[in-house]
Amino acid sequence: MTAHSPRSVVILGGGAIGLCCARYLRAEGLNVTLVERGEPGMGCSWGNAGMVTPSHFVPLAAPGMVAKGLRWMFDPESPFYIRPRAEMGLLSWLWHFNRAATKTRVERAMPLLRDLMAESLRLFRELGPLDFGLEEKGLAIYFNSEKDRKGCVHEAEMAHRIGIEARVLDADQAQELEPDVALKVLGGVFYPGDAQLDPGRFNAAMAVDLSAKGVRFLRVEVRGFHGSKGCLRALRTDQGEVDADIFVLAAGSWSGALAKELGLSLPLQPGKGYSFDYAEPPFALRHPTILSEARVAITPIGKRLRIAGTLELAGLDLSINPRRVEAIRKAVPRYLEVDLPPAPAPLWAGLRPCSPDGLPFIGPFAKVPNLIAATGHAMLGITLAPVTGRLVADLVAGREPLVAVDLLSPDRY
Ligand SMILES: Cc1cc2nc3c(=O)[nH]c(=O)nc-3n(C[C@H](O)[C@H](O)[C@H](O)COP(=O)(O)OP(=O)(O)OC[C@H]3O[C@@H](n4cnc5c(N)ncnc54)[C@H](O)[C@@H]3O)c2cc1C
């Protein structure tokens, strides 16, 4: 599709998305170079909740989110927070988000997300010989307000409609699911088809495996591009040029600024979230869990317990706001009968690359066809990493991708 029989590919960004692109492009027999300014996998792909979530078939831009966002905007402890600022990029993103948050757009996105997530989980199983702690125990979402019960049950009904199994639980059934800790919830929904992994181990295992398979890793910072007439020739980095036939833009939240260097518009907002790990968990959970109203995720990862949450639109800023971290910690005892010690150091922050409609950008840019976008996965970047790599490899190889990628085009804005 992009160039005649491309032989070499350079991937910009070594997060879960870049690593998975490298995996499937290398399997096509291409010479693959992965360009990353830090350690691969240490960006947003590191401290996330590690959930692989077919249950998240409703994109972030859904009806009701705009009203919620506006209400939460003035609450610095809310799960979704927009740092007020008059910035054109943010204002235009919010405008597109609002336009995408309709029933029709969401219904159109749902089966696509379902198919992508099902294929990604299948690919995770295939990658299984690598040791990254893949466990398929399902995921529970708990609510403790009548309003959220309605929302969660409605979503469970939508799940059924598109063929995703979801079991609505009353308080007793929820407690049966988690016999080791006392719950204080009205009920929940259990998604048996969800999975979890250790994201740090996933990235590390992928990087080692890719090196063994002949992928070249370059520790450089990309500063710009060289090319002409809509064809990229090389990356400009702090240590010289890196050329290739095809380029994959997988630089997470920094992808928008890099696209801009080429005069391309890729509306992305970094959605900051935090996590912290209890090495000695103060309580035991058997399943990855989401606390619905608080939007807090709790994942038992090996012997550790990871607690993650918040989505803060505050620009490319990785600073840690202790008040928001504390809001995550304080949410837990509202659902579980536990006394939670202060969040242990090190606190972690990551920037989710958020597109306005909650769908990733995967595909070539019309104006620069040998540049392929692979970013914008927001809260689904781990879940969708393998299938993203697979789709990018299909596109480069000129094969019909397994899902129609029109809705994912980077030119859709
Ligand atoms: C709190 C939290 C919890 C989450 N939980 C989940 C979850 O449970 N399940 C799930 O599916 N997703 C989850 N996510 C989302 C997921 O972590 C992200 O979608 C995913 O990590 C994005 O991967 P990426 O490869 O696009 O970006 P990143 O991992 O950020 O990688 C981008 C890389 O590009 C590099 N880079 C950028 N610019 C340059 C440059 N100029 N030169 C060289 N290198 C560059 C960066 O250094 C970085 O390593 C969560 C996110 C957060 C914050």
Side-chain angles (χ1 to χ4, degrees), residues 53 55-75 78-117 151 154-155 158-159 161-162 249 252-260 262-273 295 310-316 351-367 373-381 383-384 388 391 403-413:
T53 51
S55 57
H56 285 38
F57 58 91
V58 178
L60 182 61
M65 270 311 282
V66 175
K68 255 186 201 159
L70 287 175
R71 222 177 321 121
W72 281 338
M73 197 165 163
F74 302 99
D75 176 0
S78 61
F80 178 43
Y81 177 63
I82 304 172
R83 187 186 293 170
R85 59 199 200 280
E87 206 181 79
M88 260 327 279
L90 173 66
L91 297 176
S92 132
W93 187 94
L94 288 171
W95 186 78
H96 286 302
F97 182 95
N98 187 34
R99 274 173 59 98
T102 66
K103 193 162 175 272
T104 319
R105 295 274 296 268
V106 167
E107 298 243 325
R108 198 174 57 174
M110 276 169 24
L112 173 64
L113 282 175
R114 173 201 58 200
D115 294 348
L116 289 172
M117 293 192 288
H154 176 61
E155 224 164 272
M158 285 159 69
R161 248 197 303 127
I162 62 165
L249 182 56
S253 287
W254 296 269
S255 304
L258 286 167
K260 209 168 170 188
L262 287 162
L264 302 169
S265 154
L266 197 62
L268 276 178
Q269 281 296 316
K272 182 158 62 177
R295 303 284 200 280
T310 85
L311 197 151
E312 181 181 348
L313 298 182
L316 281 171
L351 300 176
R352 306 172 182 90
C354 299
S355 70
D357 59 6
L359 293 176
F361 296 111
I362 304 174
F365 289 87
K367 284 190 191 149
T375 187
H377 297 74
M379 44 232 296
L380 297 174
T383 305
L384 293 177
T388 300
L391 286 175
V403 296
V405 286
D406 324 14
L407 286 182
L408 309 179
S409 164
D411 295 319
R412 63 186 187 269
Y413 293 102

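What's counted below: heavy atoms across the whole structure, side chains too, no hydrogens, waters or symmetry copies.
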> Would T310 and Y81 count as a side chain to side chain contact (heavy atoms under 4.5 Å, CB included) here? Give the steps.
CA-CA 8 Å; T310 85; Y81 177 63; over 6 Å; no
> Which atom pair, heavy atoms only, marks the closest approach of D411 to A366?
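Result for this residue pair: OD2-N, 2.7 Å.
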> Once rounded to the nearest 0.5 Å, what's the spacing between atom CD1 of I362 and atom CG of L407?
11.5 Å
> Just by modelled atom types, is the F80 backbone N or O under 3.5 Å from a matching donor or acceptor in the S78 side chain?
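Yes.
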> Testing the basics here: between R83 and L90, what is the closest heavy-atom pair and its distance to 0.1 Å?
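R83 and L90 have their closest heavy atoms at O-CD2, 4.3 Å.
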> What is the distance from atom CE of M379 to atom CG of L60, rounded to the nearest 0.5 Å?
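The CE atom of M379 sits 5.5 Å away from the CG atom of L60.
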> Would you give the length of the straight line joining atom NZ of K260 to atom CG of L266, rounded to the nearest 0.5 angstrom?
12.0 Å
> Quick check: does any side chain N or O of R412 sit under 3.5 Å from a backbone N or O of S409, one acting as donor and the other as acceptor?
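Yes; judged by distance alone, with no hydrogens or angles, the pair exists.
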> What's the separation between atom CZ in F361 and atom CG in L249, rounded to the nearest 0.5 Å?
10.5 Å
> In the structure I gave you, are the side-chain heavy atoms of W93 and L313 within less than 4.5 Å of one another anywhere?
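They are in side-chain contact.
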> Do H56 and T383 have side-chain heavy atoms sitting under 4.5 Å apart?
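Of all side-chain heavy-atom pairs linking T383 with H56, none is under 4.5 Å.
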> Should M117 and L384 count as side-chain neighbours, where that means a heavy-atom distance under 4.5 Å?
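They are in contact (side-chain heavy atoms under 4.5 Å apart), so the answer is yes.
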> Passes side chain to side chain contact (heavy atoms under 4.5 Å, CB included), S355 versus Y413? Steps please.
CA-CA 10 Å; S355 70; Y413 293 102; 5.5 Å; no
> So, for P356 and H96, which heavy atoms are closest and what is the spacing to 0.1 Å?
CB-CB, 3.5 Å
> For P353 and G252, which heavy atoms make the closest approach, and how far apart are they?
CB-C, 3.6 Å
> So how far is it from L262 CG to K367 NZ, rounded to the nearest 0.5 Å?
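Reported to 0.5 Å precision, the distance equals 10.5 Å.
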> Of all heavy-atom pairs between F365 and P410, which one has the smallest distance, and what is that distance?
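Shortest heavy-atom contact: CE2-CB, 3.6 Å.
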> Going by atom types only, do H377 and T388 share a side-chain donor-acceptor pair under 3.5 Å?
yes
> Can you tell me how far CZ of R114 sits from CG of L116, rounded to the nearest 0.5 angstrom?
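It comes to 10.0 Å.
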> Return yes if some donor-acceptor pair links the side-chain N/O of S253 with the main-chain N/O of L351 below 3.5 Å, else return no.
yes
> Looking only at non-hydrogen atoms, find the nearest pair between P59 and V106 and report the distance.
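The answer is CD-CG1, 4.0 Å.
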> Ignoring hydrogens and angles, tell me if any N or O in the side chain of W254 forms a donor-acceptor pair with the backbone of L316 under 3.5 Å.
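Not a single qualifying donor-acceptor pair exists.
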